Amino acid sequence: MQETKNIQLKAIKEQFKNELKEIYPVEEIQTFFNWLCESFLGYKPYQITQNSDDYLEGRVKNQFLLALKELKEEKPIQYILGKAYFYGLEFEVNKHTLIPRPETEELVDWIIKETSKEKSRHILDIGTGSGCIPITLAKHLPKAKVFSVDISGEAIKTAQKNALNNEVEIKFREKDILHTESLSELFKEEIKFDVIVSNPPYVRLLEKKEIKNNVLRHEPESALFVDNENPLIFYKKITQLATQNLKKGGKLYFEINQYLGTEMVQLIKMNSFHEVELRKDLFGNDRMLKAVK
Ligand SMILES: C[S@@+](CC[C@H](N)C(=O)[O-])C[C@H]1O[C@@H](n2cnc3c(N)ncnc32)[C@H](O)[C@@H]1O
């Protein structure tokens, strides 16, 4: 979007408020504006007020106007900025990767608290996305050897960049987990894992109407949805693979569909796992499960 006239920072702030007020609560618009000012101008919130008479010129003004247009189209602010924060770390995100969710932070927190920091553990994450799970685990469990697999080559590329930026080493593989016979074939070595974790696609197509527009229009479908007829397809496959490649006493952690907690517990117990624990997320929904082999 090209505009020739320069505009004052306070005027563009008013423009954001007026043009977005039908779509977002006023506090959210303020937060978006603060983040954009930090990203485009390097301003902290108090500096926005101090410098509100400044004129925005050329490229910077166009960055604000483009962001305004994208917010009107309900593009998530994380995709506009190209980054998201997860467990205190920064991750590049783009149209190939899901935006990391706070529920997933809770799952990762559970694993970090239950895994030894002193011993060398083998950890596998299935469904890399931005790499938020394996990278955060590697950062907080420095002796762990962390592996991660995703069907999307573009997601893996983004996760590789994120691993580099966060200064951790992860072994990534691009592979369809549903067409994987054994986890050993993935990494060309016989590994017995201490921990396997996955946040696979789990939203049934019938639940699409519950999903907000900004998610539906902008986040990758293949990261989110499963058929109504076989919604546990990923969990069945991963549990079966885990029975072969998880150590005895090793732990399986899943993020799950809030409506399928009971079915998940049944599935895991049928596969001879024990100490099955279902946990709720911060919104009070059944969202995480742990089981021991
Ligand atoms: C719900 S997203 C989770 C992404 C990331 N772990 C997170 O928590 O933000 C699911 C991920 O699984 C990947 N995926 C989908 N189908 C897959 C398959 N058949 N094999 C491997 N990965 C798959 C998607 O590309 C996506 O990155």
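Order of listing sets the numbers, starting from 1, for every ligand and every atom in it. It should be emphasised that the depicted structure is a prediction, and the values quoted were computed from it without experimental measurement. All heavy atoms count here, side chains included; hydrogens, waters and symmetry mates do not.
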For ligand 1, is there an N or O atom under 3.5 Å from any N or O atom of N199? yes

Can you pull out the closest protein heavy atom to atom 20 (N) of ligand 1? Residue, atom name and distance to 0.1 Å, please. I177 N, 2.9 Å

Please check if atom CD in E190 has more than 12 non-hydrogen atoms from other residues, nucleotides or ligands closer than 6.0 Å. yes

Should F234 be listed as contacting ligand 1, given a heavy-atom distance under 4.0 Å as the test? yes

Output every pair passing ring-ring contact (aromatic ring centres under 6.0 Å, His included) with a member in residues 97-128, not counting sequence neighbours, ordered by first then second residue. W110-Y253

Flag L98 as yes when one of its N or O atoms lies below 3.5 Å from any N or O atom of ligand 1, and as no otherwise. no

Would you say V149 and ligand 1 have an N/O pair spaced under 3.5 Å apart? no

Does atom CD of Q240 have more than 12 heavy-atom neighbours, drawn from other residues, nucleotides or ligands, at distances under 6.0 Å? yes

Hey, does N199 have a side-chain heavy atom less than 4.5 Å from the side chain of E103? no

Can you tell me which residue and heavy atom of the protein come closest to atom 1 (C) of ligand 1, and the distance to 0.1 Å? A223 O, 3.0 Å

Following the transitive rule for hydrophobic clusters with a side-chain heavy-atom cut-off under 4.5 Å over Ile, Leu, Val, Met, Phe, Trp and Tyr, establish whether I126 and I170 coincide in one cluster. no

Closest to atom 19 (N) of ligand 1 (heavy atoms only, candidates D176, L107, V108, I156) is D176

Measure from the ring center of F91 to the ring center of Y85 and say whether it is less than 6.0 Å. no

Taking both backbone and side-chain atoms of S130, is any N or O found less than 3.5 Å from an N or O belonging to ligand 1? no

Mind checking whether F193 and F187 have parallel, tilted or perpendicular rings, split at 30° and 60°? perpendicular

Determine whether the side chain, the backbone, both or neither of I99 has a heavy atom under 4.0 Å from any heavy atom of ligand 1. neither

Smallest heavy-atom separation, L41 atom then V60 atom, equals CD2-CG1, 3.7 Å

Have a look at D150, V203, T158, T136 and point out the one with the heavy atom closest to atom 24 (C) of ligand 1. D150

Residues 222-233, side-chain donor-acceptor partners within the protein, below 3.5 Å, at least two apart:
{"residue": "N228", "atom": "OD1", "partner": "L205", "partner atom": "N", "Å": "3.0"}
{"residue": "N228", "atom": "OD1", "partner": "L206", "partner atom": "N", "Å": "2.8"}
{"residue": "N230", "atom": "OD1", "partner": "K236", "partner atom": "NZ", "Å": "2.9"}

Considering only the protein, which heavy-atom contact is closest to atom 6 (N) of ligand 1, and what is its distance? G127 O, 2.7 Å

For K72, is the NZ atom crowded, meaning more than 12 foreign heavy atoms sit under 6.0 Å from it? yes

Does S152, backbone or side chain, put an N or O under 3.5 Å from an N or O of ligand 1? no

Consider ligand 1: state whether an atom of it lies below 4.0 angstrom from any non-hydrogen atom of K175. yes

of all protein heavy atoms, closest to atom 14 (N) of ligand 1 is I151 CG2, 3.7 Å

T128: numbered ligand 1 atoms lying under 4.0 Å from its heavy atoms: 5 (C), 6 (N)

What protein heavy atom lies closest to atom 15 (C) of ligand 1? Include the residue and the distance to one decimal. S222 O, 3.4 Å

I need the contact type for T104 against ligand 1. Using non-hydrogen atoms and a strict under-4.0 Å cut-off, is it side chain, backbone, both or neither? side chain

Below 3.5 angstrom, do we get any N/O pair linking C132 and ligand 1? no

Would you indicate whether K95, at its atom NZ, is surrounded by more than 12 heavy atoms from other residues, nucleotides or ligands within a distance under 6.0 Å? no

